[in-house]
Q: 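One structure, pasted below without further comment.
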Amino acid sequence: MDIERMLKALGEPMRFKIYNQLLERKHCVRSLSKKLSVTESAISQHLKVMREAGLIYGEKYGYHTHYLPKQDAIDILTGLFQQMQEKARTVDRDMTVCNCEFRKEEDAK
């Protein structure tokens, strides 16, 4: 799965709202449209982006498709944020200047 694509898809505010609704229970396009006061065609387009990013999948029930989050996508994103959290705890926040190569070149001049 492409993590950057998943994050980009969730970075759009309406898609983030839709995804949060799907984390509560499965929804069809009409249900999301009424709940979020957005046209069905707009909801469909947002769902398409999230489906292509690997975030959600649909289950067909007659004429309707009910959408749900993919558990493996949730696991990947959760793991990513846990790694970021662990790294953030080890950052040296007391360092007054960085130790990058650019700074060393400037100091030599």
Q: I want to check something: taking the side chain as every heavy atom from C-beta on, are Leu55 and Ile74 in contact at a cut-off of under 4.5 Å?
A: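 With C-beta onward as the side chain, the pair stays apart.
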Q: So for atom CD, which belongs to Glu4, do other residues, nucleotides or ligands contribute more than 12 heavy atoms lying within a distance under 6.0 Å?
A: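 Incorrect, the count does not exceed 12.
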Q: Do Ile18 and Leu36 come within less than 4.5 Å of each other through their side chains, counting heavy atoms only?
A: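 Of all side-chain heavy-atom pairs linking Leu36 with Ile18, at least one is under 4.5 Å.
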Q: Among all residues two or more places apart in sequence or in another chain, which pass the side chain to side chain contact (heavy atoms under 4.5 Å, CB included) test with His64?
A: His66
Q: Between Leu77 and Met6, is any pair of side-chain heavy atoms under 4.5 Å apart?
A: yes
Q: Could you check if a side-chain atom of Tyr19 sits within less than 4.5 angstrom of a side-chain atom of Met50, using non-hydrogen atoms only?
A: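 When only atoms from C-beta onward are counted, Met50 and Tyr19 do touch, with a gap below 4.5 Å.
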Q: Quick one: side-chain hydrogen bond (donor to acceptor under 3.5 Å, both in side chains) partners of Ser44, sequence neighbours excluded?
A: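 For Ser44, no residue satisfies side-chain hydrogen bond (donor to acceptor under 3.5 Å, both in side chains) once neighbours in sequence are set aside.
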Q: Is there a donor-acceptor pair closer than 3.5 Å between any side-chain N or O of Arg15 and the backbone N or O of Ala9?
A: yes
Q: With distance as the sole criterion, is a donor-acceptor pair present between the side chains of Asn20 and Glu24 under 3.5 Å?
A: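 No, Glu24 and Asn20 have no side-chain donor paired with an acceptor closer than 3.5 Å.
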Q: Would you check if the side chain of Ser33 reaches a backbone N or O of Val29 as a donor-acceptor pair within less than 3.5 Å?
A: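 Side chain of Ser33 to backbone of Val29: no pair is present.
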Q: To the nearest 0.5 angstrom, please state how far the CD atom of Gln45 sits from the OG1 atom of Thr39.
A: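 Rounded to the nearest 0.5 Å, the CD-OG1 separation comes to 9.5 Å.
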Q: Tell me whether the count of non-hydrogen atoms from other residues, nucleotides or ligands lying under 6.0 Å of NZ in Lys17 goes above 12.
A: no
Q: Determine, using the 4.5 Å side-chain heavy-atom cutoff (strictly less than), whether Leu22 and Val49 are members of one ILVMFWY cluster.
A: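 No.
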